[in-house]
Structure formats: structure tokens, C-alpha cells
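Right, one structure below, let's go through it.
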Amino acid sequence: MKKSFFTLLTVLQSVMFTGQGIAQQVEDLYVPLEFQSAYAKGTRSTDGKPGPNYWQNKSEYAIQVELVPATREIKGSETITYFNNSNDTLSQVVIRLYPNLFKKGAARGEDVDPGDVTDGVTISSLQVNNRSVETKPGQGRGAQVRYSTTNMFVRLSQPLYPKTSLKLAINWTYTIPAKTHIREGTYGDNTFMVAYWYPQVAVYDDIDGWDRLEYRGQTEFYNDFSTFDVTVKVPQNFVVWGTGVWQNPEESLTQTYLTRYLNSKKSDEITHIITAEDLQKKSITQNKAQIQYHFKAENVPDFVFAASNRYLWDATSAIAEPNRRTAISAVYDPASKDFYEIAKFSKQSVEYLSTKMPGVPYPYPNLTIFNGSGGMEFPMFVNDASYPMEEAAEVVAHEIAHTYFPFYMGINERKYAWMDEGWAQFLPNGIPFQIGTNTFYPQQYNALYLSSVNGREMEMPMMMPSTILENQLSYGFASYFRPAVAYATLQDILGKDKFKQVLNEYMSRWNGKHPSPYDFFYTFNNATKEDLTWFWKPWFFERGYSDLNIKKVETGKTTKIIIGRNGILPVPISLTVTFTDGTTDTHHETARVWQSGVREFAITKKYTKSIQKIDLGSPEIPDINIQNNTYSVTQ
């Protein structure tokens, strides 16, 4: 998700983990007991690979849903087959009821319009293995169903044994919020983004068992990889876009629009499937009172959809890898000026991410960018507000980059948002978007943002679980800017080629699985064949800041420039020497110069010209105090 940090920057307001870790190569890193238990059980390995006993559960969802635009009501029924691949016998199943965020009395981390407060999800029926279960809240230990704010706990009359499955059948309704836009909502007349919407089996994993964390509106994903077979029913003239592969376009669209849609999937050009003129004709969908849109998706962690009878639709395709294209759609309000360019920006992002960084082919057959609010990622889907053009390019690139983290990699961003938000903030750095006559590279302000809050009381270590970071400034900088700068610093240390190689190794090991922070640390140590504890500890575990300075300059036959390090964060050294004739010389050292813990580093150079001044730093390097970064020669 892309938050607006311009607001956060106007508010300048942890724990330092210590202890003995379980892995020899990171013996100075604190390893919580849950992870030590996983290593002991062999589900994780201290070389960063999945352990020999690694497992994860999954579900198969068959969902039928009707969207009633006049009342904003969702009427759904689903059958879930849940597979217990663990070695544990489960006595209960935990079901997530995300829309209960809007229930009266719910604890929330985001503001909700009072008019959107409801009774939450109404479950009209629940069956477990074809046996009906009373859904009214029970009391005491014998209750079959209990509720917390956004979780439903279903006690099983028969245990779910290892390597077996069970079936759940649920009917439910809820009302889409009218004014509140926390990842979903109503966007003007007859336009809806539907997310976090269906009863979903929570993750049961080898670290925490059942994920019982509440959804409070701020933290996001942690889902199992599952399959979805979803049918969405809407009135005539409504078009639906969703996760997965659209199974029946010929049953939904009339011939003109079907032809445009099919052609766009193999074209490099932008196809205007629905124009403003087309909307006036009202002949886009088949002449039926109700239109059904059928989607299927495999091995994805979630399913979302959007519907509108007044949005424009542009489409194109991008080459994800030889002989395979990704279909791209931009659907938007006619008044959103930036969205007329979004299909182009999205195509450029998919191609860059597939071939450059991370250089892993975009894994999905399609992608839809929906014009809604904020910036939020879903599998094969993005919900974005309208922005000034440069920010629009940056936000869409960020959200598309989320395809790799947390979807290609099953990140628990409820606990470790930096494991996906930081990568989404970093990966698109090199995309050269053309905005008018200028070339704009997104996300080039990470270091500047970090410097504004680095070392202040409200800045928390990244290893602080994200659910604890209620303060938006603390959450934002721990999740987005500090990790993005850390990744860029590590790339500088390792070199771009080696960094990409090691990142690809990490992604290969944990694609379709649930990596933890330690799997990330250990994989990089293992793949680089070096102990990076000196880097992990200050950047990820400790409170601290970046502050370099020009401590002393000694001139003579050679020039000796002594750089001091006041803060604990290891960052690169970037020097620009300006001579009296106006020419310059630059010098760069990676953050590796601080590996041994030294507080000073000397750079010795031999110049044949007279020095006018020396400047330390660059826009890519955070520094909380730039007043001590310039040395001027007194005339």
C-alpha cells in the first residue's frame, strides 16, 4: 500500500533487540523463541532455505456473490475446502471477517466515517463438513463459535488431523462503505471496489500457529496461497474486473467490446475498450437483467473485484517473458486526468520489473489498475487514487512491484510490513518514466524522507512487529523509507549484479511460501558467503540514525579527508571536491568501510589543483545533520 507521507513529514515526532541468536553466522542477532522452535522442528533452516519439514496450509474457494448497487449490499455464498498440511491436529478453525472493521464498537487504526458504521458481517448459515453450526456468539469453553472483532473461531466437533481436509459452507451479507475508503469502498455513483470482503480462513503456520491478529485497518496481508473460482452477479451495463482469468467474456460483453478486449491482450498499443462515447450508448454488456462474470485464479493469496457502469477502460499488454504476455487494464473515472496515462505507465513498470529489477518475469496473466483511492495492491489488481502525473507514475509502479512482495513471496506483512513495502519502495527506482519533456525516476526521495525522522523518538526499529506500530509516522518510516534505503545501501555494498543474483536466490527459495525476516537475513548471508550481521543489526534491529561529517582535512603533497560517523547506521560516503578552476572530482565508498565498527575513515587523494571546497553526501544518502558536511578553504 502506498501512503501519503507528505502529511507525515509535517509531524516530526523500540526496542533494541539484543541476545544470542540460534544461527552461528548471525550469532549477534536476537532470535525470538517462536523462530528458535521452528529451527528445532526443522521447518526453517539457518542457511535461509525452507527446512526439511517445512509445510504450509491452503484453501480452495468457490464463491458466488451478488453486488446490489442501489443498496451497496454484498450477498455471498462460498464453499471452502481447507487442507491441513501441517503435522498438527487442529481443534478449531479461525475465519477472518474483515468487514467487521466497520462494526459498532470495533477497535480501529484508521478513521471511519460515522455513516459507514454498521452491524458488520451477517452470517446467515455456516456448515462444517455438511453439518450446520449455530453462528450466534457462544459463551464459555464449550461454545462452538466465538467472535473477536474481525475473527470468528469455530470449534470443530471432530478434530482436523494432519494431512486431511475439511469443508466449510458460509452464506453472508454486508454493506460496502459509502464514504470510507480503506482499501475498498464506493467511488461515486455505481462504482465499487470490493476487497477484504469474503470470510477467509486465517493462516495457520509453523511460527505462530493460527494468526489471531485483528484487522484494524492499517496493517495488511498475510494469506495462504489458494485457488479461487468466483462468479460475480451485477445488473446490466455494469462491467466487472477481478483477480484471475476471466472465464466468460463472450457471455458478458457485446461483440464490439469483446473484440476490443481480446485484441488488447496481444497488442503493444493502447486499446480504448470503453470510451466516454461508448458509455452513452449503454450497449457494452449483453442484453440481460443480470450479468454474471466468472473468474478463476490459482495459487494466489487473495481475490478482489471492482464494478462500474460509468468508468472508462483502456487496455494493452506487456511482454513478461519470451512467448508470454500480461494483459493490462486501466479503468477510471473520465475526470481523472492522470489515468489516461496509467495503462502506459503500468506496461512500462511490468516490463522493467520483469527484465531489470528484480528481473523475475511478472508471474500473472493480467493486471488491472482501478481508479479508486490511496494506493493499494492485490493479486493482479491495484486500487489507486488520482495524483499529479509524477506521483501517479510513482504510486502505480510501487503497487505493481508488490506483485513480488507479498504475493510472489507470501510475506506476513501484518507483522513485517518492511518485508514488502520496503521492496515495493525500492524495486522501481530505475524506471525512467517520461512525464512531458522530462524523465522522472520514481521513489528518489526515500533518503530525504528518512533523514527527516531518523533518530527521533517515534522512529522504531524495523523488527518491531508492524501491528504494534499504531502511530502512522512510526509505521510508515519503519515499513517504507528505512527499509528502502537499507536495500539500496546493501545493493551498493554488494554491487548491482551480485545483489540481484542474491535477491533472485531468496525469491527462488521462498516463492509461493512464507519467508520470515530470518529467512531473508540467512539467505543473503548464505548466498553471499559472508556474515552481514554488521549490516543487519543496526539497520533492522536497533534504534539509530545516519550522520556523517567532514571531521578534518589535511593538505600537503596529498590531501587526507577524515570522515567521522556520529550515528550507528552504516551508509556510503560520497564526496565532491570542487577546485578553484570550477572543475570537480567525486569519490565514493560503500558502507562497507564501517564494517569493523570504526568511527572514522580516511580518504587520501593526490590532487594537482587547488581545492575550493569539499562537500559530503548526496540525495541518496540519509544524513540528519548536513551542516557539518562542507569544508571550505579559507582564502
Side-chain angles (χ1 to χ4, degrees), residues 14-40 42-52 54 207 358 409 411 416 418-419 422-423 426 461-464 482-510 515-546 548 563 565 567-573 588-601 621-622:
S14 170
V15 173
M16 177 176 174
F17 292 122
T18 58
Q20 183 88 13
I22 192 168
Q24 183 177 358
Q25 70 267 37
V26 285
E27 59 184 7
D28 291 332
L29 297 186
Y30 174 79
V31 180
L33 295 177
E34 300 97 313
F35 294 93
Q36 294 190 36
S37 175
Y39 294 118
T43 57
R44 312 268 165 167
S45 172
T46 56
D47 62 5
K49 299 175 183 177
Y54 180 81
I207 302 295
M409 315 280 283
I411 302 299
Y416 311 111
W418 59 266
M419 292 187 70
W423 286 113
F426 166 81
M462 285 188 270
M463 285 298 287
M464 178 75 73
R482 184 155 170 161
V485 175
Y487 299 145
T489 303
L490 185 58
Q491 178 181 248
D492 186 51
I493 292 169
L494 299 179
K496 289 186 177 180
D497 291 343
K498 187 173 184 179
F499 176 84
K500 180 178 177 180
Q501 176 188 349
V502 176
L503 174 59
N504 284 183
E505 175 64 21
Y506 167 55
M507 296 176 72
S508 175
R509 290 180 180 186
W510 290 95
S516 76
Y518 297 95
D519 301 315
F520 165 62
F521 301 142
Y522 294 176
T523 292
F524 264 69
N525 283 5
N526 177 261
T528 59
K529 295 180 172 59
E530 65 171 302
D531 182 0
L532 292 167
T533 300
W534 66 272
F535 180 82
W536 304 133
K537 191 173 182 180
W539 269 105
F540 292 83
F541 288 79
E542 297 180 336
R543 301 185 75 167
Y545 52 84
S546 166
L548 302 185
I563 306 300
R565 179 170 71 121
I568 69 165
L569 294 185
V571 293
I573 297 172
H588 181 84
E589 297 281 351
T590 76
R592 196 183 287 279
V593 298
W594 311 113
Q595 180 172 351
S596 66
V598 296
R599 309 302 294 181
E600 294 181 0
F601 182 80
I621 302 173

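If you read the sequence from its start, that first residue is 1, and numbering goes on from there. Note that the structure is predicted; figures quoted are calculated from it, not measured.
- Note that OG of Ser45 and OH of Tyr518 are 15.5 Å apart. Values are rounded to the nearest 0.5 Å.
- Between the side chain of Thr590 and the main chain of Ile493, no donor-acceptor pair closer than 3.5 Å is present.
- At a cut-off of 3.5 Å, with distance as the only test, a side-chain donor of Asp519 or Ser516 sits close to an acceptor on the other residue.
- Note that CG of Asn525 and CG of Leu532 are 5.0 Å apart. Values are rounded to the nearest 0.5 Å.
- A pairwise comparison of heavy atoms in Ala591 and Thr489 identifies CB-CG2, 3.8 Å as the closest pair.
- Within the 4.5 Å cutoff, the side chain of Pro572 has no heavy atoms near those of the Glu589 side chain.
- Taking each heavy atom of Ile207 and Ala38 in turn, the nearest pair found is CD1-CB, 3.8 Å.
- A pairwise comparison of heavy atoms in Thr533 and Pro538 identifies O-CD, 4.1 Å as the closest pair.
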Show your working on ring pair (Phe, Tyr, Trp, His ring centres under 6.0 Å) between Tyr522 and Phe35 and close with a plain yes or no. CA-CA 13 Å; Tyr522 294 176; Phe35 294 93; 9.5 Å; no

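- With a 4.5 Å cut-off on side-chain heavy atoms, Pro358 and Met507 count as touching.
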Under the side-chain contact (heavy atoms from CB on, under 4.5 Å) rule, what do Val485 and Phe426 come out as? Steps first, then yes or no, please. CA-CA 8 Å; Val485 175; Phe426 166 81; over 6 Å; no

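- Atom CD in Glu542 sits 12.5 Å away from atom CE in Met463 (nearest 0.5 Å).
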Apply salt bridge (charged side-chain N to carboxylate O under 4.0 Å, His left out) to residues Asp28 and Lys537 and explain how you reach the verdict. CA-CA 8 Å; Asp28 291 332; Lys537 191 173 182 180; 5.3 Å; no

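- Aromatic ring centres of Phe541 and Phe521: separated by under 6.0 Å.
- The ring of Trp510 has its center no closer than 6.0 angstrom to the ring center of Phe520.
- Heavy-atom minimum distance, Gln491 versus Phe499: CA-CD1, 3.5 Å.
- At a threshold of 4.5 Å between non-hydrogen side-chain atoms, the residues Glu600 and Arg565 do not count as touching.
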Apply salt bridge (charged side-chain N to carboxylate O under 4.0 Å, His left out) to residues Arg592 and Glu530 and explain how you reach the verdict. CA-CA 12 Å; Arg592 196 183 287 279; Glu530 65 171 302; 3.0 Å; yes

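- You'll find the side chain of Lys49 stays beyond 4.5 Å of the side chain of Tyr54, heavy atoms only.
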What do the steps show when you test Asn504 against Arg509 for side-chain hydrogen bond (donor to acceptor under 3.5 Å, both in side chains), and what is the final call? CA-CA 9 Å; Asn504 284 183; Arg509 290 180 180 186; over 6 Å; no

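- Atoms CG and OG1, on Leu494 and Thr528 in that order, are 6.5 Å from each other to the nearest 0.5 Å.
- Side-chain rings of Phe524 and Phe540 stay apart, their centers remaining 6.0 Å or farther from each other.
- Residues Pro622 and Val571 meet the side-chain proximity criterion, which asks for heavy atoms closer than 4.5 Å.
- The closest side-chain heavy-atom distance from Trp594 to Ile568 is not below 4.5 Å.
- In this structure, the side chains of Pro483 and Trp539 stay at 4.5 Å or more apart for every pair of heavy atoms.
- Screening Trp423, Tyr506, Phe535 for a ring pair (Phe, Tyr, Trp, His ring centres under 6.0 Å) involving Tyr487 leaves a single residue, Trp423.
- One distance of note links CD of Glu505 with NZ of Lys500; it measures 14.5 Å at 0.5 Å rounding.
- For the atom pair CG (Leu548) and CD1 (Ile621), the distance works out to 7.5 Å, reported to the nearest 0.5 Å.
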